[in-house]
Amino acid sequence: MRTYHLHPWDVTFEKAREIQQGLKRHLVLENRVSEIRLIAGVDVAYSKTKEKAYAVAVLLAFPSLEIIEEAIAGAPVTFPYIPGLLSFREGPVVLKALKNLKKGPDIILFDGHGIAHPARLGLASHLGLLLDKPSIGCAKSPLVGQFCQEGLGYEKGSWVP
DNA sequence: GCGACAG
DNA sequence: ATCTTGTCGC
């Protein structure tokens with residue numbers, strides 16, 4: 001982790017957006033990945049009372065997708081869900097789970113957006129930067145913009161670089 | 001001011 | 001995210 005990217009998580013909404021603006025300029029959008037041998041996927045769930053968050057990180061071999069390792073972590077929820085500020089809610093516990101993996105992945109997939117975000121700093125972008133690791137945002141619904149654009153249809157499997 | 005809005 | 005109900009497909 002590059003220490004100059006460290007920042008507090010317990011911040012006001014305004015401060016959180018300032019942090020996003022400061023971090024976004026460090027984004028690396030061109031592909032610098034040489035080889036991928038290990039990939040990680042992370043997701044978060046909440047306790048029934050919604051007071052605690054639990055994250056799981058799974059490490060798989062690529063491209064076989066054989067599960068190599070699994071790690072979990074729990075943490076109290078200290079930040080509300082605000083569209084655009086998800087990383088300030090789920091980031092801490094996700095980092096904790098990834099830290100519990102014995103081996104480090106080459107890339108990480110997150111259950112949230114990456115650069116498809118109003119500040120281009122969704123969960124995947126944010127944590128990818130903090131970890132100095134290539135990341136992919138895999139959200140299940142749009143936050144901003146439209147899926148259908150030039151060269152990208154609505155058909156399942158549609159894609160653009 | 002009103003509506004939209006990852007998980 | 002979580003919860004609950006109804007519907008669909010194997």
Side-chain angles (χ1 to χ4, degrees), chain A residues 1 5-29 31 33 39-60 65 67 70-101 105 107-161:
Chain A
M1 183 182 287
H5 279 160
L6 287 178
H7 66 72
W9 291 101
D10 184 24
V11 293
T12 62
F13 304 155
E14 183 186 7
K15 181 63 181 171
R17 295 192 176 94
E18 287 175 12
I19 291 171
Q20 291 180 328
Q21 292 306 313
L23 284 175
K24 66 186 295 184
R25 64 193 200 85
H26 296 294
L27 287 171
V28 176
L29 300 182
N31 179 22
V33 181
I39 69 177
V42 201
D43 197 6
V44 176
Y46 295 87
S47 65
K48 201 159 190 177
T49 61
K50 293 170 180 167
E51 296 172 321
K52 306 172 215 161
Y54 299 93
V56 57
V58 184
L59 188 71
L60 335 209
L65 302 188
I67 295 179
E70 301 176 5
I72 60 174
V77 174
T78 61
F79 201 93
Y81 170 67
I82 308 289
L85 299 181
L86 178 65
S87 58
F88 287 85
R89 177 177 173 83
E90 300 192 344
V93 71
V94 165
L95 288 175
K96 207 171 166 184
L98 286 169
K99 229 173 178 178
N100 286 336
L101 287 175
I107 67 170
I108 310 175
L109 273 71
F110 295 88
D111 66 314
H113 282 116
I115 56 176
H117 176 279
R120 310 222 81 187
L121 209 85
L123 178 71
S125 306
H126 192 160
L127 298 193
L129 271 181
L130 296 187
L131 297 165
D132 191 22
K133 193 143 290 193
S135 64
I136 301 176
C138 276
K140 301 177 290 294
S141 63
L143 174 60
V144 291
Q146 307 173 169
F147 287 144
C148 196
Q149 48 190 279
E150 66 281 341
L152 183 62
Y154 279 117
E155 306 80 49
K156 180 178 180 180
S158 297
W159 65 278
V160 290

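The figures that follow rest on heavy atoms only: side chains count, while hydrogens, waters and symmetry mates do not. In the text below, chain A, chain B and the rest are named by the order of the sequence lines, each starting its count at 1.
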Measure from [atom1] on [X] to [atom2] on [N] and round the result to the nearest Å.
| X | N | atom1 | atom2 | result |
| --- | --- | --- | --- | --- |
| A:R89 | B:dG7 | CZ | P | 13 Å |
| A:E51 | C:dA1 | CD | C1' | 15 Å |
| A:L127 | B:dG7 | CG | C1' | 13 Å |
| A:L123 | B:dC5 | CG | C1' | 16 Å |
| A:R17 | B:dA6 | CZ | P | 14 Å |
| A:L86 | B:dG7 | CG | C1' | 5 Å |
| A:H113 | B:dA6 | NE2 | P | 8 Å |
| A:H126 | B:dA6 | NE2 | C1' | 15 Å |

Using a cut-off of 4.0 Å on non-hydrogen atoms, how would the nucleic acid contact of [X] be classed: base, sugar-phosphate, or nothing?
| X | value |
| --- | --- |
| A:Y46 | sugar-phosphate |
| A:G137 | nothing |
| A:P118 | nothing |
| A:L85 | base |
| A:A45 | sugar-phosphate |

Exercise for review: Check A:F88 against A:F79 and note the closest heavy-atom contact, atom names and distance.
Suggested key: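 Looking at all heavy atoms of both residues, the shortest contact is O-CB, 3.4 Å.
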Check your understanding: For B:dG7, does either OP1 or OP2 sit under 4.0 Å from a side-chain N or O belonging to A:K140?
Key ->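 Result: yes.
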Review point. Should A:S141 be listed as having a side-chain N or O under 4.0 Å from OP1 or OP2 of B:dC5?
Key: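 No, A:S141 has no side-chain N/O under 4.0 Å of OP1/OP2 on B:dC5.
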Exercise for review: Decide yes or no for A:L109 and A:S135: does some side-chain heavy atom of the first lie under 4.5 Å from some side-chain heavy atom of the second?
Suggested key: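 A:L109 vs A:S135: side chains apart.
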**Study point:** Contact check, side chains of A:V42 and A:L127, non-hydrogen atoms, under 4.5 Å
**Key:**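 Contact flag for A:V42/A:L127 side chains = no.
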Review point. Does one side chain, of A:T49 or A:E51, offer a donor that lies under 3.5 Å from an acceptor on the other?
Key: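 Checked: A:T49/A:E51 side chains pair up, N/O donor to acceptor below 3.5 Å.
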**Study point:** A:H7 and A:H126 aromatic ring geometry - parallel, tilted or perpendicular at 30°/60° bounds
**Key:**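 If you compare the ring of A:H126 with that of A:H7, the planes turn out tilted.
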Check your understanding: Considering only C:dC3, C:dA1, B:dA6, which nucleotide approaches the side chain of A:K48 most closely?
Key ->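 Looking only at heavy atoms from C-beta outward on A:K48, the closest nucleotide is C:dC3.
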Check your understanding: Ring of A:Y81 versus six-membered ring of C:dA1: centres under 5.5 Å and planes under 30°?
Key ->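 It does not: the two rings, one from A:Y81 and one from C:dA1, miss the stacking criterion.
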